[in-house]
Amino acid sequence: MFGNIGWGEFMVLLVAALVILGPERLPGAVSWVTKSLRQVREYASGASQQLKDELGPEFEDLRKPLSDLNQLRGMTPRAVITKHLLDGDDSILTGNFDKPSSVSFDKSGTKAVSVDPSTPTPPQNKPLAAGERPPIDLDAT
């Protein structure tokens with residue numbers, strides 16, 4: 001319930017309560033708040049238990065879509081694509097798909113990268129000469 005409140009915010013609330021209520025009424029207010037929260041939790045658990053008792057096995061049929069919806073609610077578009085389309089491999093989205101095969105360092109400490117010669121190199125994009133027609137990829141058109 002209070003998962004988003006950090007220690008700093010909690011201390012600010014405590015100081016504000018101390019200033020507003022004063023040291024005499026603060027312990028009574030804290031006990032009232034804890035009793036009220038406990039009572040709300042008991043009402044909520046009692047209501048869910050009553051639904052379970054009345055609906056029986058159909059209650060689980062209702063819970064399944066709701067739990068699926070809650071699971072999907074927390075997913076970002078990137079997480080959905082990674083999970084369902086890429087089987088959890090997000091290397092395409094992060095750009096880590098073309099890693100060199102080996103890295104070595106020379107005596108001066110400079111990094112020398114050697115790439116596996118069996119991997120194809122991308123074509124060099126050079127400007128077209130005057131009057132030259134661009135290449136056409138028939139598979140792409």
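Here the structure is a predicted model, which means the values were calculated and not measured.
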Checking Asp53 now: which residues fulfil side-chain contact (heavy atoms from CB on, under 4.5 Å) with it, not counting sequence neighbours? Gln49
In this structure, would Leu26 and Val33 fall into the same cluster of hydrophobic residues linked by side-chain contacts under 4.5 Å? no
Could you list all the side-chain hydrogen bond (donor to acceptor under 3.5 Å, both in side chains) pairs where at least one residue sits in residues 25-39, not counting sequence neighbours? Gln39-Tyr43
List in chain and number order the residues that pass side-chain contact (heavy atoms from CB on, under 4.5 Å) with Gln50, two or more places apart in sequence or in another chain; answer none if no residue qualifies. Glu54
Do the side chains of Leu18 and Leu21 join up, straight or via other hydrophobic residues, at under 4.5 Å, putting them in one cluster? yes
Would you name the heavy atoms of Pro27 and Pro23 that are closest together and state the gap between them? CD-O, 3.5 Å
Under the side-chain contact (heavy atoms from CB on, under 4.5 Å) test, residues paired with Leu128 that sit two or more places apart: Glu132, Pro134
